[in-house]
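Bear in mind the structure is a predicted one, so any value in this text is a computation, not a measurement. What's counted below: heavy atoms across the whole structure, side chains too, no hydrogens, waters or symmetry copies.
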Amino acid sequence: MTDIKELLLSRIRDVADYPEPGVMFKDITPLLADPAAFTALTDAFAEIAERTGATKIVGLEARGFILGAPVSVRAGLGFIPVRKAGKLPGATLSQSYDLEYGSAEIEIHAEDLTPEDRVLIVDDVLATGGTAEAAIQLIHRAGAQVSGVAILMELTFLNGRPRLEAALDGAPVESLLTV
């Protein structure tokens, strides 16, 4: 696992003062542009999906789509997008959650999940955990179980993990990198 961590870290670029002064943005676009690194990431997440018994992959808008879709193909599982409110046609379930300054809302097509489904949530960054926690609530409301959360990079100083662990009923939170 050390080799993959080194590979992934070497392809993540720090961008100072983006999107505002004082923030060190972790840019994953160089990782996505490198086929070896992107394949290694996809394989690692697909292994987590298999190990956790996932039957579906949920990707959180927007980078979770980029990471989760190839994982679903690699693992032979369906992919379900969790979108910002108002972006999905037809009947949806929605969940609002608090942000540092305000609130947001995400949605899912409930008919895409069944009570037999075990869902792995895939995203690029775990910060405060608000979006992932809202996704867990949506998946439960749709009648499915969460098999775990797979994250490329966890920002440990923002303490999102305890929030997710409390909502997961023992399912794992797996981060490939921690910052």
Within the side chain of [X], is there an N or O that forms a donor-acceptor pair under 3.5 Å with the backbone of [Y]?
X    : Y    : result
D117 : V119 : no
T156 : V179 : yes
D17  : G22  : yes

Checklist line | Name of the residue among E133, R141, E105 meeting side-chain hydrogen bond (donor to acceptor under 3.5 Å, both in side chains) with Q95 | finding: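 Answer to the side-chain hydrogen bond (donor to acceptor under 3.5 Å, both in side chains) test with Q95 among E133, R141, E105: R141.
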
Mind checking whether [X] and [Y] sit in one hydrophobic cluster, side chains of I, L, V, M, F, W, Y counted as touching below 4.5 Å?
X    : Y    : result
L158 : L176 : yes
I121 : L88  : no
I48  : L7   : no

Heavy-atom closest pair, residues [X] and [Y]:
X    : Y    : result
A134 : Y97  : CB-CD2, 3.6 Å
P81  : F65  : CB-CE2, 3.7 Å
A171 : S147 : CB-O, 3.6 Å
I139 : Q145 : CG2-O, 3.8 Å

Do [X] and [Y] make a side-chain contact, defined as non-hydrogen atoms from C-beta onward lying under 4.5 Å apart?
X    : Y    : answer
V58  : L138 : no
E154 : T178 : yes
T55  : E116 : no
V146 : H140 : yes
L126 : V149 : no
R161 : S175 : yes
F38  : I66  : yes
L120 : F45  : no

Take atom [atom1] in [X]; do more than 12 heavy atoms of anything else shown fall under 6.0 Å from it?
X    : atom1 : answer
F25  : CZ    : yes
R63  : CZ    : no
E111 : CD    : yes

Check: Would M153 and D124 count as a side-chain contact (heavy atoms from CB on, under 4.5 Å) if you check the C-alpha gap in whole Å, the side-chain angles of each, and the deciding distance to 0.1 Å?
Finding: CA-CA 6 Å; M153 186 177 1; D124 65 328; over 6 Å; no

Check: Salt bridge check: are E61 and K87 linked by an N-O gap of less than 4.0 Å?
Finding: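 Salt bridge between E61 and K87, a charged N being under 4.0 Å from a carboxylate O: no.
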
